[in-house]
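Notes follow once the structure below has been shown.
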Amino acid sequence: QVQLVESGGGLVQAGGSLRLSCVASGNIFVINNMAWYRQTPGKQRELVARITGRGDTNYANSVKGRFTISMDNAKNTVYLQMNSLKSEDTAVYYCAADIYTNEDVRMYWGQGTQVTVSS
């Protein structure tokens with residue numbers, strides 16, 4: 001089994017910062033890439049940031065310049081540093097990862113962590 005567990009969400013004032021973490025554990029051979037998504041009620045899931053195993057990163061235009069994704073391969077952990085937070089960043093943030101196990105390759109999801117940005 002593979003599990004992704006997010007942490008670091010919470011309440012923050014506009015202009016503040018949060019750092020999200022996501023730890024993958026279980027029967028992992030290699031993590032191909034990891035990403036952060038977010039979703040608010042009534043809206044489509046949005047890709048926030050993605051990092052590949054080779055270190056290439058992609059960001060949604062709405063967060064570019066404010067958010068930074070990074071990965072610690074040794075710890076199977078991906079981070080999302082969120083600076084200059086805006087109220088529109090309020091959402092449930094989900095960690096996702098393409099993980100190779102000794103059996104197959106799948107995309108795994110965490111349960112999400114709530115980020116609320118107040119004015």
Side-chain angles (χ1 to χ4, degrees):
Q1 292 184 315
V2 174
Q3 291 185 342
L4 302 180
V5 180
E6 302 100 333
S7 62
L11 298 171
V12 65
Q13 292 186 344
S17 298
L18 285 174
R19 188 192 190 212
L20 305 183
S21 299
C22 173
V23 181
S25 62
N27 186 26
I28 300 170
F29 177 69
V30 66
I31 299 176
N32 187 44
N33 60 77
M34 301 186 79
W36 289 96
Y37 293 79
R38 66 186 182 187
Q39 188 169 19
T40 57
K43 295 183 179 180
Q44 297 275 38
R45 182 193 66 186
E46 176 189 21
L47 174 65
V48 177
R50 181 180 180 227
I51 185 167
T52 70
R54 59 184 179 273
D56 296 329
T57 58
N58 294 286
Y59 297 92
N61 288 334
S62 59
V63 307
K64 192 172 296 184
R66 299 187 297 118
F67 291 9
T68 302
I69 188 171
S70 61
M71 184 175 179
D72 186 334
N73 289 330
K75 297 180 179 179
N76 290 331
T77 301
V78 65
Y79 305 94
L80 185 68
Q81 178 66 47
M82 304 184 293
N83 299 325
S84 301
L85 283 162
K86 306 173 181 179
S87 60
E88 49 263 49
D89 294 318
T90 296
V92 177
Y93 284 71
Y94 296 92
C95 176
D98 289 327
I99 296 177
Y100 295 79
T101 69
N102 63 342
E103 297 180 355
D104 58 10
V105 183
R106 300 182 192 177
M107 187 174 190
Y108 293 87
W109 294 86
Q111 292 299 307
T113 184
Q114 176 71 47
V115 172
T116 302
V117 184
S118 62
S119 300

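For the 3.5 Å distance criterion, the side chains of S62 and E46 qualify, holding a donor opposite an acceptor.
Q13 contributes no side-chain N or O that, together with a main-chain N or O of S118, makes up a donor-acceptor pair within less than 3.5 Å. Panel note: side chain E6, backbone Q111; a donor-acceptor pair is recorded below 3.5 Å. With hydrogens and angles disregarded, no donor-acceptor distance shorter than 3.5 Å links the side chain of Q81 to the backbone of T68.
No chain of hydrophobic side-chain contacts below 4.5 Å, direct or via other Ile, Leu, Val, Met, Phe, Trp or Tyr residues, connects I51 to V30. Note: the hydrophobic cluster containing Y79 does not contain V23 (ILVMFWY, side chain heavy atoms under 4.5 Å, direct or indirect links). When the side chains of ILVMFWY residues are joined at heavy-atom separations under 4.5 Å, either directly or via intervening members, Y94 and V78 end up in two distinct hydrophobic clusters. In this structure, V12 is a member of the same hydrophobic cluster as L80, with clusters built from ILVMFWY side-chain heavy atoms closer than 4.5 Å. Residue V2 is grouped with residue M34 when hydrophobic side chains (ILVMFWY) are merged at heavy-atom distances under 4.5 angstrom, including chains of intermediate members.
To the nearest 0.5 angstrom, N76 atom CG is 4.5 Å from I28 atom CD1.
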Apply side chain to side chain contact (heavy atoms under 4.5 Å, CB included) to residues V115 and M82 and explain how you reach the verdict. CA-CA 10 Å; V115 172; M82 304 184 293; 3.9 Å; yes
For a side chain to side chain contact (heavy atoms under 4.5 Å, CB included) check, start with the C-alpha distance between T90 and T40, then their side-chain angles and the critical distance, and finish with the verdict. CA-CA 7 Å; T90 296; T40 57; 5.6 Å; no
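Within the 4.5 Å cutoff, side-chain heavy atoms of Y108 are placed close to those of T101.
Heavy-atom neighbours of R106 CZ from other residues, nucleotides or ligands within 6.0 Å: at or below the threshold of 12. By the neighbour-count criterion of 12 heavy atoms within 6.0 Å, atom CD of E88 is densely surrounded, having more than that number from other residues, nucleotides or ligands. For Q39, the CD atom counts as densely surrounded, since its 6.0 Å shell holds more than 12 non-hydrogen atoms of other residues, nucleotides or ligands.
Of all non-hydrogen atoms in A35 and L47, the two that sit nearest each other are CB-CD1, 3.9 Å. Across all non-hydrogen atoms, the minimal contact from S84 to S17 is N-OG, 4.3 Å.
Here the options are N33, N27, I31, D104, the test is side-chain contact (heavy atoms from CB on, under 4.5 Å), and the partner is I99; only I31 passes.
Note on residues 16-70: pairs passing ring pair (Phe, Tyr, Trp, His ring centres under 6.0 Å), not counting sequence neighbours, are Y37-W109.
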